[in-house]
Amino acid sequence: MLPGSFQALSPQHLRTFPMHAYRTHTCAQLGAADAGQTVKLSGWVHRKRDHGGVLFIDLRDHHGITQIVAGPSSPAFPVLDRIRLESVVTVVGEVVLREAGAVNPKLPTGAIEVRAKDIVVQSAAEELPMPVAGEADYPEDIRLKYRFLDLRRERLHANIMLRSHVIASLRRRMIEQGFTEFQTPILTASSPEGARDYLVPSRVHPGKFYALPQAPQMFKQLMMVAGFDRYFQIAPCFRDEDARADRSPGEFYQLDFEMSFVTQDDVFAAIEPVLAGVFEEFAGFGGREPWAVTKGPFPRIPYAEAILKYGSDKPDLRNPLIIHDVGEHFRGSGFGLFARVVEAGQVVRAIPAPNTAGLSRKFFDDMNEWARAQGFPGLGYVTRKGGEFGGPIAKNHGEAATAALFDAMGLGPDDGCFFAAGKPADAAKLAGLARTRIGEQLGLIEQGQFKFCWIVDFPMFEYNEDEKKIDFSHNPFSMPQGELEALETKDPLDILAYQYDIVCNGVELSSGAIRNHKPEIMYKAFAIAGYTKDQVDANFSGMINAFKFGAPPHGGSAPGVDRMVMLIADEPNLREVVVFPMTQKAEDLMMGAPAPATPRQLRELHIRVVD
RNA sequence: GCGGGUGUAGCUCAGUCGGUUAGAGCGUCGGCCUGUCACGCCGAAGGUCGCGGGUUCGAGCCCCGUCACUCGCGCCA
């Protein structure tokens, strides 16, 4: 499966014990040089080819496949003849060179085969709910219920090995950078910010609950206060949120790290080579032409610029399209809709659609249809063929004015353009989604690339329209740029934080920050978000207390391990890189979790189920 | 919580405008086959068309509800 990926059973070791109970070699090990040896192999019956007089078995283990042959005189023949695929057998036989015409160049062991003399059935398989051999797709629920079968299949098996290798590489690289790995508690306290918590009832303390950590955020900061200087952990994180393709329900892993006495630049300089190094190390995964990885330093894009130019705080830089703010072009325009939008203080954003002269009107109308289906008012457009404009916007806006707009955007005579208008946040969001969709439909997304960037200068606060109050926009423990003075003198919505995300190919890998280690700044920041000093003391007592006894300036981040592996494996969702994933509704179909508790368990926990 | 997609044999799928006994490939079982490597050939078994209700002379197909998986929205400091 992964030739050479598992070295624990070296040939030297095995040959010291030729009569080992189960094997002298793995199923990937034998070649022409071994001809004449008597060997013992163990594995799964991958495929059978029964020719009546002669029987071929592809025997598979973790390492590879070896062809076993049994003639009618072999004692193994009747056993292999009967046995079902995926049964586990041990075969003893002689390694023989295949005849020239019978060599299989597709198989690393294809120069030889093992002539079976004896066989032991270690474990007979029942009829399978899904085949293991072959590349066909199978329903997700069957794959999850029989995950142990799914995991035998080549691609998933390779993904899981990749995951292990990525984690080993991350550990090695972090340790080389002077980081130290520590474990932090799994049973901890709930915190009021963030996602919903998973709660664990306490038997000893009736009515009280532990929470599983959403991240070891406060613990790692306390490690810095404790003077450990550079912490990291492949940390399990638990959040009770609904799943997405790139968001596992329930639990996931982060490369969690934190550093003392650092600026934002120091954090970037520490982690960039780790990430770039890992992505480069596995860029050729699966035998593909290695993908190119962004050379450091990664581009840094301020949050506001990302929202404007890419319509997203996790831009896919493989997409060459850049959004333009074109509201000024429509001030007083003959296209009344956009003129009124601008007059009302709202915005118009334009998304290029290069080389679309040859596309039918349907392409543009479908895009508008799609925008409406997404819940937006619509996506306007201007077409252009051989320099001639088309569509209602161009007609009303006027040829000269439209030409000026196109020139300002650098668009040519055969390029089209889409428009998203409305409140800045809404228009940016639609423009961002449209940018992605247009890029995909026009085939503009560069392939074979890992394009990294930092998103920096996130706003510290945002306005909560529903509750008519100011909220933290990201992490409440981030240091505001300008520190206490900024909090006291600036409009809170104008304050930026030393807060940053790493993005790769449109996937948010991590968010991090230089932390706020000063109690007086923390009280002030929480006050702006509506928390009293007492509330801060109550909810964050562990950390705020610690900061009163000598805390180093510190910062860090926490790239998602699952997402990294997903990107490297080029898989569309996280289940393809998680060994035992749950369904979208956070159920484990194989183990049957979650499950009801017994009355006795509930009694001990002082819990009564009310529904 | 909401919206989209999918659901027909163990698996992958086809199934016309609503019309006779729901088909194919793979797998399974039986038979044949001494050089295959996705072996081949012959035969057989295998179906609550996800489930429930409705419309209709008649439903795999239309309608309503519901369940499962999934993609997205909400949610995700």
Side-chain angles (χ1 to χ4, degrees), chain A residues 46-60 65-74 77 81-82 84-86 96 98-107 109-110 113 115 125-146 149 191-197 214-215 217-218 237-250 252 370 373-376 429 433 458 460-462 466 471-478 497 499 508 511-513 515 525-526 529 531 539-540 558 560 572-573 575 581-585 587 589:
Chain A
H46 187 66
R47 278 202 173 92
K48 284 168 70 171
R49 290 174 295 279
D50 182 354
H51 289 250
V54 63
L55 180 60
F56 299 97
I57 299 284
D58 287 341
L59 192 67
R60 183 197 74 237
I65 286 176
T66 299
Q67 175 164 283
I68 311 293
V69 199
S73 59
S74 165
F77 186 90
D81 191 41
R82 263 198 330 272
R84 281 210 186 85
L85 295 186
E86 294 307 311
V96 296
R98 298 197 197 184
E99 285 175 25
V103 167
N104 184 353
K106 286 187 283 186
L107 213 56
T109 60
E113 60 197 4
R115 216 157 266 172
E126 294 182 4
E127 192 176 332
L128 299 165
M130 55 178 278
V132 170
E135 295 296 317
D137 290 329
Y138 302 98
E140 199 74 29
D141 43 356
I142 290 178
R143 293 184 59 197
L144 292 175
K145 182 169 179 184
Y146 299 97
L149 290 180
S191 108
E193 293 284 332
R196 220 172 271 119
D197 283 317
Q214 297 188 20
Q217 180 67 37
M218 285 196 264
C237 304
F238 305 91
R239 297 179 191 176
D240 187 1
E241 353 163 77
D242 288 325
R244 293 289 183 275
D246 64 354
R247 200 168 76 196
S248 293
F252 59 96
W370 159 83
Q374 299 288 309
F376 294 98
K429 187 172 182 189
L433 293 170
F458 277 81
M460 185 78 194
F461 301 100
E462 65 189 14
D466 297 335
D471 280 345
F472 289 109
S473 70
H474 235 64
N475 184 329
F477 308 126
S478 303
Q499 173 118 26
E508 181 191 316
S511 68
R515 317 299 174 184
F526 272 95
Y531 292 80
N539 288 322
F540 308 103
N573 68 69
R575 292 182 304 282
M582 294 200 284
T583 68
Q584 188 173 45
K585 288 168 82 174
E587 286 186 282
L589 298 180

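Bear in mind that the values here come from a model prediction, so they are computed numbers and not experimental data. Reminder, nothing fancy here: chain letters follow the sequence lines and each chain counts from 1.
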Measure the OG1-CD distance between A:Thr109 and A:Gln67 for me, rounded to the nearest 0.5 Å.
-> 8.5 Å
Rounded to the Å, how far apart are A:Asp137 CG and B:rC26 P?
-> 19 Å
Rounded P spacing from B:rU8 to B:rC69 in Å = 15 Å
Would you call A:Arg47 and A:Phe56 a side-chain contact if the rule is heavy atoms closer than 4.5 Å?
-> no
Give the nucleotide from the list B:rU12, B:rU28, B:rC76 with an atom nearest to the side chain of A:Arg239.
-> B:rC76
At under 4.0 Å between heavy atoms, which parts of nucleotides 35-44 of chain B does protein reach? Answer with one letter per nucleotide, 5' to 3': B base, S sugar-phosphate only, - none.
-> BBBSB-----
Report which part of the nucleic acid A:Arg244 touches: base, sugar-phosphate, or nothing (heavy-atom distance under 4.0 Å, all strands).
-> base
Do A:Thr583 and A:Glu140 come close enough that some side-chain heavy atom pair is under 4.5 Å?
-> no
Please work out if A:Ile142 contacts a base, only the sugar-phosphate, or nothing of the nucleic acid, heavy-atom cut-off 4.0 Å.
-> sugar-phosphate
Please state the C1' separation for the pair B:rC2 and B:rC11 - nearest whole angstrom.
-> 33 Å
Is a donor on one side and an acceptor on the other found under 3.5 Å between the side chain of A:Lys48 and the backbone of A:Leu85?
-> no
Trace of the side chain to side chain contact (heavy atoms under 4.5 Å, CB included) decision for A:Gln374 with A:Lys429 = CA-CA 11 Å; A:Gln374 299 288 309; A:Lys429 187 172 182 189; over 6 Å; no
Can you find a heavy atom in the side chain of A:Glu86 that is under 4.5 Å from one in the side chain of A:Arg60?
-> yes
Parallel, tilted or perpendicular for A:Phe540 and A:Phe526, by the 30°/60° rule?
-> tilted
Considering only atom P, compute the distance from B:rC26 to B:rG19 and round it to an integer number of Å.
-> 29 Å
Measure the distance from NZ on A:Lys585 to C1' on B:rC71 and round it to the nearest whole Å.
-> 15 Å
Give one of base, sugar-phosphate or nothing for A:Asp471, where a contact means two heavy atoms less than 4.0 Å apart.
-> nothing
Does A:Arg196 or A:Tyr138 map to a spot on RNA chain B nearer the 5' end, using the closest nucleotide for each?
-> A:Tyr138
Determine the Euclidean distance between corresponding C1' atoms of B:rC17 and B:rG25; express it in Å to zero decimal places.
-> 28 Å
Interatomic distance where CG belongs to A:Leu128 and P belongs to B:rU28 [whole Å] = 8 Å
Nearest listed nucleotide, side chain of A:Asp242, among B:rC29, B:rC69, B:rG74 | B:rG74
Select base, sugar-phosphate, or nothing to describe what A:Lys429 touches, counting heavy atoms under 4.0 Å on all strands.
-> sugar-phosphate
Can you tell me how far P in B:rG60 sits from the matching atom in B:rG4, rounded to whole Å?
-> 25 Å
Assign A:Arg575 to base, sugar-phosphate, or nothing according to its heavy-atom contacts below 4.0 angstrom with the strands shown.
-> sugar-phosphate
note: A:Met130, atom CE; B:rU28, atom P; distance rounded to Å ~ 15 Å
Identify which nucleotide among B:rC75, B:rC69, B:rC71 has an atom closest to any side-chain atom of A:Arg247, counting heavy atoms from C-beta outward.
-> B:rC75
Would you kindly compare A:Pro129 and A:Phe472 by the position of their nearest RNA chain B nucleotide and give the one closer to the 5′ end?
-> A:Pro129
Atom pair distance, as rounded to whole Å: CD in A:Glu241 and P in B:rG1 | 17 Å
Euclidean distance, A:Asp141 CG relative to A:Glu587 CD, rounded to 0.5 Å = 11.0 Å
Taking Watson-Crick and G-U wobble pairs with both distances under 3.5 Å, convert RNA chain B into its dot-bracket string, 5' to 3', dots for unpaired and | for cross-strand pairs.
-> (((((((..((((.....[...)))).(((((.......))))).....(((((..]....))))))))))))....
Are any of A:Arg84's side-chain N or O atoms less than 4.0 Å away from OP1 or OP2 of B:rC29?
-> yes
P atoms of B:rU6 and B:rC63, separation to the nearest Å | 13 Å
A:Asp242 and A:Arg247: CA distance, side-chain angles, deciding distance, salt bridge (Lys or Arg N to Asp or Glu O under 4.0 Å) verdict | CA-CA 8 Å; A:Asp242 288 325; A:Arg247 200 168 76 196; over 6 Å; no
Span that lies between the C1' atom of B:rC62 and that of B:rU16, in whole angstrom | 16 Å
Which part of the nucleic acid, if any, lies within reach of A:Pro476 when heavy atoms closer than 4.0 Å are counted: base, sugar-phosphate only, or nothing?
-> base
Can you find a pair of side-chain heavy atoms, one from A:Pro129 and one from A:Leu149, that are under 4.5 Å apart?
-> yes
In whole angstroms, how far is the C1' atom of B:rC71 from the CD atom of A:Gln374?
-> 11 Å
Selected nucleotide, minimal atom distance to A:Leu85 side chain, candidates B:rC69, B:rU28, B:rG72 = B:rU28
Looking only at atom C1', what distance separates B:rC33 and B:rU70, rounded to whole Å?
-> 45 Å
Separation of atom CG in A:Asp141 from atom C1' in B:rU12, rounded to whole Å | 14 Å
